[in-house]
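To start, the structure under review is shown below, and the notes come after it.
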Amino acid sequence: MIEVAPSIVKNMKSTIEKHTLKGMSFSNLQNWCVDQGESRFRGIQLFEWMYQHGINDPREMSNIRKSFRDYLITNCLFETLSIEQILSSALEPTQKFLFKTLDGLFIEAVSIIDGVRHTVCLSTQIGCNLKCDFCATGQMGFSRNLSSGEIVDQLIHVRKQTHQPITNIVFMGMGEPFLNYDNVMDAADIFHNQRGFDLASSRITISTAGILPKIEQFIHEKRKFKLAISLNAPDDVTRSKIMPVNNKWSIQELIHAGRAYSKMPRREVMFEYVLLKGFNDSEDDAMQLARLLKGIECKINIIPYNASGGIYKRPDEQTVNEFAKVLSGKRDTYRVLVRRSKGEDIEAACGQLATKSQENAHA
Ligand code: SAH
């Protein structure tokens, strides 16, 4: 049995005997084919059918011999998610997808089209247990990790439903990617693989609230994906107030790791900073942030807060621009960008993803 979450096993009696091939890494899929008495090349063909072509029905896998196709039909499970709802923004070409998992839980992904750029924001967990105070997902509690197949299937569904080629992937939806490290890396590798989605590693960004041991593992494994660290405050006291994870790993430790990553060839690190009105948006905060990131080759992404049902407010335009100006004025090794979130009217913007109750998520 591969990649079937325990809850699926419990709830989906009919599927427990089946192998879930979706999300299996390139080499594991080839090994699996060999275990079934097939060639390694068969694994490559299957990989291409699932990811390049988005085919879930073995009957359509025309270059695979009939007896193995029959075996796949009887013994394997290809579809891990169904589309429950698609919401389209009235303001811009942004769509939010609500998916239902095989065990009846809900997750969301967002497609954001901006000129030729088509970014898809993917979820990595059902809920999140980090409890960041300003984030809607943090308020909904944690159900389970997504399998790599469920992560990949979000992208396959979005690709089928939208017409513009996908150019960028961000792991910034529901959940903390680095608390589901192995499945996220398997999915990212499939997105990067030439026989999969063939996306450059620089177009795949993994955002973490700061799980230090996993950032270190990511560096140690020489991963090439873009690393984003959600800093959100310029000092530990302020950060701990909104991100409990800061009690475990401090700002200095995260910055140290971010710097180490950026020093590796062709790697890029980004620091995200959610701007909360009257909390972390002053000129002093900007100057302190500039001091912290001095000398690090990085991008600073300022995200004006999006409503998520908490006590926080978004600063006005002028404050946002002023904050960015103070940072940019320091003329250091970083670039400053203000991320104008898309899809606010359909609650698809950063920090707004939360499927209400699992039963009435689409009500
Ligand atoms: N758990 C990961 C990825 C998900 S959140 C992480 O924390 O990085 C993706 C980004 O959205 C993070 O930078 C997070 O700080 C930001 N974010 C969360 N809630 C937000 C909100 N309400 N408004 C704006 N940005 C928010």
Side-chain angles (χ1 to χ4, degrees), residues 107-110 112 119-142 145-146 151 154 168-181 183-184 187-188 204-212 214-215 218 225-234 238-246 248-249 251 254 257-258 261 269-277 279-281 289 298-315 320 323 337-344 346-355:
I107 51 163
E108 293 179 327
V110 183
I112 305 145
T119 305
V120 181
C121 178
L122 299 176
S123 291
T124 55
Q125 298 183 309
I126 304 183
C128 183
N129 61 15
L130 291 184
K131 297 192 168 46
C132 298
D133 211 18
F134 48 84
C135 176
T137 313
Q139 315 308 313
M140 66 178 270
F142 175 73
N145 279 336
L146 293 179
I151 298 171
Q154 295 172 59
N168 296 71
I169 293 170
V170 293
F171 288 92
M172 295 185 185
M174 293 163 68
E176 168 50 45
F178 276 180
L179 290 179
N180 186 14
Y181 187 87
N183 291 344
V184 167
I204 300 170
T205 303
I206 301 173
S207 178
T208 176
I211 311 297
L212 185 66
K214 292 295 169 187
I215 300 177
F218 188 78
F225 308 115
K226 249 191 215 171
L227 175 66
I229 300 176
S230 300
L231 214 51
N232 297 341
T238 310
R239 192 168 190 264
S240 296
K241 282 187 192 153
I242 49 173
M243 299 181 73
V245 69
N246 196 66
K248 238 175 168 166
W249 300 292
I251 289 183
L254 296 179
Y261 186 71
V269 67
M270 178 208 287
F271 290 95
E272 291 159 292
Y273 192 102
V274 181
L275 219 47
L276 306 168
K277 183 177 179 164
F279 184 80
N280 63 0
D281 63 347
L289 183 62
C298 66
K299 199 150 85 179
I300 305 176
N301 217 316
I302 296 167
I303 319 172
Y305 170 72
N306 299 306
S308 67
I311 54 164
Y312 300 100
K313 294 217 156 38
R314 178 186 295 185
V320 173
F323 192 92
L337 254 133
V338 178
R339 189 192 299 171
R340 311 273 171 199
S341 290
K342 313 272 183 182
E344 233 187 310
I346 50 168
E347 295 191 347
C350 290
Q352 291 188 319
L353 299 190
T355 45

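Counting starts at 1 for both ligands and their atoms, in listed order. The chain is numbered in sequence order, starting from 1.
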Query raised in the report: Going by the side chain to side chain donor-acceptor pair (under 3.5 Å) test, which pairs reach into residues 120-132, not counting sequence neighbours?
Result: Gln125-Asn145
Query - Gly173 versus Cys121, closest heavy-atom pair with distance - result: N-SG, 3.4 Å
Query - For Tyr181, ring-ring contact (aromatic ring centres under 6.0 Å, His included) partners two or more places apart - result: Phe178
Report task. Sequence neighbours left out, what passes side-chain hydrogen bond (donor to acceptor under 3.5 Å, both in side chains) with Lys299? Give chain and number order. Result -> none
Query raised in the report: Side-chain contact, heavy-atom cut-off 4.5 Å: Lys214 with Glu176?
Result: no
Query - Atom-level proximity to ligand 1, residues with heavy atom under 4.0 Å - result: Phe134, Cys135, Met172, Gly173, Gly175, Glu176, Pro177, Ser207, Thr208, Ala209, Ser230, Asn232, Glu272, Val274, Ile303, Tyr305, Asn306, Ser308, Cys350, Gly351
Query raised in the report: Is the Phe323 to Tyr273 ring centre distance short of 6.0 Å?
Result: yes
